[in-house]
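One structure below.
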Amino acid sequence: MAGPCYEADAPGARLHRSLDALDLIYHRPSGMTHMVSEPVPQILAALAAGPADAAKIARRLAATHDFDANGAEDAIAARLAELEAVGLVRRA
Amino acid sequence: MKRLADALRDPATADGLDAEGWTGLIAAARAEQLIGSLAFRLEGRSLPPRVERIMEEARTSAAQWRRSALWEAEMARRALRDLDVPVVLMKGTAYAAAGLDAGVGRSIGDLDIMVPREALPEVEPALLEAGWEWVKPDPYDDAYYRQWMHELPPLIHRERDRMIDVHHTILPLTARVTPDAAAMLAESVALPDGLRILSPEDMVLHGVAHLFADGDLAGGLRNLWDQDRLLRQFGADKSFWVRLGARADLHGLGTHLARALRLARRIYGTPVDRVIAGRGRLSDLWFARRLTARDGWGRETRKLTVFAFYVRSHWLRMPPLMLARHLWTKWRKRPA
Amino acid sequence: MSNEHDQHEPAQAGEPDATRRQALMLGAVAASAVVSIRPALAQSAGSVLNCEIPVPDAGRAGQYIAADGQLVPPDTPGAFPPSPRPFKGEEVRAAMQGRSLPGTDPQRSQAYTNYIRRLQHGQSGFTCYASLQNPRR
Amino acid sequence: MRHRFDLRIGPVGFRIGSAWRAPIAALGQLYRGYPKPVDGIADFTVRLEPETRWRRFVRPSVAIRGDFTLPDAAPLALAHGLLAAEMGMNLQMALGQRRYLILHASAVERDGRALLMTGHSGAGKSTLAAILGERGWRFMGDEFALLDPATGLLHAFPRLVSLKNQAIAAMEAEVAPDRFGPRLSGTPKGDIRHLRPNDAAIAAMSAPARPALILFPRFGFESAERPMGESEVFVRLTQASTNYVALGEPGFDALGHLVKSVPARAIDYPDTGSAVTMAERLWREAGL
């Protein structure tokens, strides 16, 4: 099943800072600060290559990362829904 | 305080203020929520260093208001975009989104949008789905609110803590003037992202309606400053005034518009169409006194004038018959 | 430790370099990977000032409060006279959890609490009440 | 307004107006020798005024208003007018300050470096700072610390120390009586007594300091300490800031930098003496 297709703002719209356990993202259009964990920074990076659905993002991530492919699309889709709720990604 | 209006109209009038004068001007501007507008008007002038610093902070604040206002509008757009419903931004957010002079430095609070009344049954669940919730868990007296008010009960976003007011017309249905909401929606103008703003004429008339029909003129100095900026920007085009006059008649706002134009001219020196503005009335003075009733401590002065306008606002909001019916219904529902 | 400004990596635009091959935890579907920082103003402002709710508000002073919280004309049978003093946010919070408002019996407390529940945006006491409703604000 | 007092606390100027003489007299007494606002222009105006006109005389109650006002704020008894003035200044800072990132924290300084202490109310940050301020440290403030995003430096905000309940006796044992204000009984926050910072703190109020150590004290437990991770410190400081979100990007940069560059410890302590010892030891261990 093909989930929704998402896009993100250009990388320059976000400031990124790594802390010990989590990463911080300052989102310039909203002025909001988000604390995020893996795989959120990686998903946002993967979206820099253009709009994609969960399956496509999984393929992009697989090119540079090792992860458990079992259930990967569902996990990514769940992260995308979270990111959509806070406005870091939107439906393309 | 007249000095505040003067400084907005002509920043040179603030040159040479002493420390006491500046302190009072700043307090009055904050009280009227005009500090951001003033800060942009004074930008680039030679000011005492501490004043410059305060104005710089005011401009930073205004940039932040603007950012979060536009973001709320964007989130509302995302929440409603599958509905195929026109979503019209109102007031401050509209000025900011359209890049109008009236938006420069303006404080912006809640997000105000207007949608067609018949679209409310779709709009409401879409907003709830996107994370807005009723300000109170139990929206009692909902029927009354929905039947007679010009907006849904206020919603607040559960993560962003920001309120949205969803209007379906611009004044309560109980008000004596009933502008033509459908005509306003029909003439609204699309922005590049698909959100809409009112046409220039309706934008002015919406502000005018709020200034006189819906309140006790509290915050009126800022409202009138909006009108000044809009009229200066739109009014350069002669045909604007023709459309404005006709549109005011359509909405039944002709008298209000005439008064607003006269007050804007009196207080901010706004160039206005003399025919539409009509002849000055003695009561204009009374309105002008109310609008500038603020001292150098940021306090309301002229208590009697202010109180008179407060009373006026209450009887304007609900016609006596309506009030009686409302109370009758409440009385009948009383537990025995 | 050093106090120099450049001892840490500054915030950067965009995401970290993802070109090196690395292990990635995708997390469970039900897990949460984003926490947004919320304004802490209410909490701190609350520590500087405590808020209160008049029953009824000054604009409608003198009216009585019926059992369901509606305002009714003075001396309406079964209704309660206005509270002689406004209630503190904390008192209202306790009343919402079943305790009586100070200086009231249970029936009167219930009527007052119903009135407070009915407060609308713009009425005095509303902001205070809303902040009780939404402890995160 | 009838009565008025202008002053500067650290980098921030205030103008306080009052319908009554008493609160202004108390401010003048406790804030004697504080400088006036820069250029004579106050950053913020505070008004202490009657709720309604007749309440100036009959059971007078002080409404706290000003440039920035919180709706539904409870008025105070006139006898608590000094507290009202302090709350009014705090409120302006909490709602209106946009130049500095405000941390709800106390701070002391030594050798140009600042020790920050933050925690929930009752954690003892105020008393600790006041005590350290009498024992070889420069007192910077007991309520707000002001972080300048442009420089990363901490600015002092040495207003009167607001001592509550048991802390009053602790400080009365430490400090000469002429630095105390009247004891205010039965305020919404319990018993309060204000303490004037010492002359050294007032004289140095314009000197900022580089943040060097952050402590999260907790009173009423056996002595214990643990290091705190950057993420936890970041979240707790955003919650301890009244304007982090309002500051936007500069706030993000400033707080991120602070968290990355300054070590933090949570400490539990049973009494003030052990807290002072712990603070001194942690300061040394951080190489300061």
Side-chain angles (χ1 to χ4, degrees), chain A residues 6-49 51 57 61 64-68 72 75-91, chain D residues 94-105 116 118 147-152 211-216 225-266 282 286:
Chain A
Y6 292 94
E7 62 185 336
D9 295 309
R14 294 181 296 272
L15 290 176
H16 187 274
R17 194 192 278 276
S18 294
L19 300 184
D20 54 348
L22 296 163
D23 285 9
L24 295 176
I25 292 176
Y26 178 80
H27 184 222
R28 284 175 161 152
S30 63
M32 288 165 72
T33 303
H34 307 284
M35 300 194 85
V36 303
S37 59
E38 259 184 33
V40 164
Q42 291 77 9
I43 289 176
L44 290 170
L47 279 170
I57 289 171
L61 287 175
T64 44
H65 295 79
D66 298 316
F67 53 84
D68 183 1
I76 291 171
R79 301 291 83 82
L80 285 166
E82 262 188 284
L83 290 172
E84 184 185 18
V86 299
L88 283 169
V89 305
R90 56 182 177 270
R91 303 281 170 112
Chain D
L95 298 177
Q97 179 57 247
R98 288 294 180 275
R99 172 162 303 261
Y100 305 104
L101 181 73
I102 295 193
L103 296 173
H104 200 216
L116 270 164
T118 183
L147 184 65
D148 187 346
T151 60
L213 178 63
I214 306 172
L215 296 181
F216 291 82
E225 62 153 292
R226 67 178 174 90
M228 282 175 78
E230 294 165 355
S231 305
E232 185 183 357
V233 175
F234 185 86
V235 172
R236 290 192 57 173
L237 289 181
T238 62
Q239 293 313 298
S241 172
T242 57
N243 65 354
Y244 169 76
V245 171
L247 245 55
E249 198 168 318
F252 174 80
D253 284 337
L255 200 59
H257 175 233
L258 183 74
V259 164
K260 280 298 229 188
S261 58
V262 178
R265 296 276 182 287
L282 290 167

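Within every chain, numbering begins at 1; the chains are lettered A, B, ... in the order of the sequence lines, protein sequences first and strands thereafter.
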| message | Would you compute the distance between atom CG of A:Leu19 and atom CZ of D:Phe234 and round it to the nearest 0.5 angstrom? | response | 7.0 Å

| task | Please flag which part of D:Val259 lies under 4.5 Å from any non-hydrogen atom of chain A: side chain, backbone, both or neither. | result | side chain

| query | About how many Å separate CG of D:Asp253 and CG of A:Leu15, when rounded to the nearest 0.5 Å? | reply | 6.0 Å

| said: Check whether D:Lys260 reaches the backbone of A:Ser18 with its side chain - one donor and one acceptor, N or O, closer than 3.5 Å. | reply: yes

| request: Search all heavy atoms of A:Asp20 against all heavy atoms of D:Ser231 and return the closest pair with its distance. | output: OD1-OG, 2.7 Å

| field | Point-to-point distance, once rounded to the nearest 0.5 Å, from CE of A:Met35 to OG1 of D:Thr238 | value | 8.0 Å

| Which distance, rounded to the nearest 0.5 Å, do you find between the CD of D:Glu249 and the NE2 of A:His27? | 11.5 Å

